[in-house]
Amino acid sequence: MFCPQRVRNNARRSRGEFVRHPRTPRPVFEFNQATGNDHLGAVFAATAQRQQDAHLHELGRAMKRSHARQWDELRQLYRDPDTGRFREAFLRHCDTLRDKQARQREELRTAWETRNAERRAALSPFANREATRRAGRAYGQGLTRSRYGDDRFGGPGRDGPG
């Protein structure tokens, strides 16, 4: 079978040109696949698409109406003088809770600072001795050379048996 477009593309490629068929967007490709050469299929697909568009449009309109109604209700609620009193009471209650939380946070901060100071004071006599003893033990066991692969740690090292 002979395809003239293919022959032209191969000739352009042999001249060093980059030839590729332009990509078709996926929705267009799927629509074309669904309809094919059948005109009746195209009519059905277009009708189904119009019905779906109309349905989505109606859903959007219903949502806009619902949102408008909800905003109107909120607007009326905030204009109502009784609601204003309840709102003020709620805000005062929130301020009270916020103050209580800040006071509790400060009390806990003080308790933790006291606890940490007592702990540091209790451990301070041992701090210098323990650090010195740990450093001496590490040096004596050769832990400072472990990063070089000392043979005592499973690998050949600079001081390993020669």
Side-chain angles (χ1 to χ4, degrees), residues 18-36 41-42 44-162:
F18 179 75
V19 179
R20 190 166 97 190
H21 187 272
R23 290 191 56 112
T24 305
R26 186 166 192 84
V28 173
F29 175 79
E30 289 176 353
F31 180 79
N32 290 339
Q33 285 294 102
T35 58
F44 282 144
T47 303
Q49 187 64 44
R50 278 196 301 275
Q51 287 175 346
Q52 187 178 13
D53 291 345
H55 177 68
L56 289 174
H57 182 70
E58 183 54 38
L59 286 177
R61 290 180 61 190
M63 185 174 62
K64 283 182 183 179
R65 284 193 302 265
S66 173
H67 287 178
R69 182 181 42 77
Q70 291 171 7
W71 278 111
D72 287 340
E73 289 173 2
L74 277 174
R75 196 174 296 112
Q76 289 174 1
L77 184 69
Y78 274 97
R79 286 183 180 161
D80 184 20
D82 292 335
T83 306
R85 277 198 319 258
F86 290 126
R87 184 172 182 271
E88 291 301 320
F90 173 74
L91 292 176
R92 275 195 307 275
H93 182 67
C94 287
D95 289 339
T96 305
L97 289 176
R98 197 174 301 114
D99 293 342
K100 183 178 182 181
Q101 184 183 23
R103 190 176 60 252
Q104 288 174 344
R105 187 179 297 126
E106 195 58 39
E107 289 170 2
L108 279 176
R109 181 179 295 127
T110 306
W112 274 102
E113 287 173 356
T114 304
R115 179 198 171 274
N116 288 337
E118 290 171 356
R119 186 169 182 265
R120 275 193 302 273
L123 294 175
S124 67
F126 306 105
N128 290 339
R129 250 185 301 172
E130 186 63 27
T132 305
R133 197 172 72 198
R134 243 181 298 156
R137 190 176 336 126
Y139 183 78
Q141 292 177 353
L143 293 178
T144 55
R145 294 182 294 178
S146 65
R147 64 182 146 198
Y148 300 119
D150 192 290
D151 64 338
R152 288 176 285 178
F153 296 95
R158 297 200 306 197
D159 328 87

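- Classification of Glu73 and Arg69 as a salt-bridged pair holds, one side-chain N sitting under 4.0 Å from a carboxylate O.
- Annotation: the span from His93 atom NE2 to Leu91 atom CG amounts to 11.0 Å, rounded to 0.5 Å.
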Next on the checklist: If you apply the rule side chain to side chain contact (heavy atoms under 4.5 Å, CB included), what do you find for Arg109 with Glu106, and how did you get there?
Outcome noted: CA-CA 5 Å; Arg109 181 179 295 127; Glu106 195 58 39; 2.7 Å; yes

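- Asp53 and Gln49 share a side-chain donor-acceptor pair at under 3.5 Å.
- To the nearest 0.5 Å, the span separating CG on Leu108 from CZ on Arg115 amounts to 12.5 Å.
- Listed for the Ser66 side chain is no donor-acceptor partner under 3.5 Å among the backbone atoms of Ala62.
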Next on the checklist: Using salt bridge (charged side-chain N to carboxylate O under 4.0 Å, His left out), reason through Arg98 and Asp95 one step at a time and then give a plain yes or no.
Outcome noted: CA-CA 5 Å; Arg98 197 174 301 114; Asp95 289 339; 2.7 Å; yes

Checklist entry - Which is it for Glu113 and Asn116 under the side chain to side chain contact (heavy atoms under 4.5 Å, CB included) test, yes or no, and what are the steps along the way? => result CA-CA 5 Å; Glu113 287 173 356; Asn116 288 337; 5.9 Å; no

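- We find the NE2-CZ distance between His57 and Arg50 to be 15.5 Å, quoted to the nearest 0.5 Å.
- Residues Arg61 and Lys64 have side chains not in contact (no heavy-atom distance under 4.5 Å, counting atoms from C-beta outward).
- For the side chain to side chain contact (heavy atoms under 4.5 Å, CB included) with Arg105, the qualifying choice from Gln101, Arg103, Glu107 is Gln101, the only one to do so.
- Crowding of Arg65 atom CZ: a count of heavy atoms from other residues, nucleotides or ligands under 6.0 Å exceeding 12.
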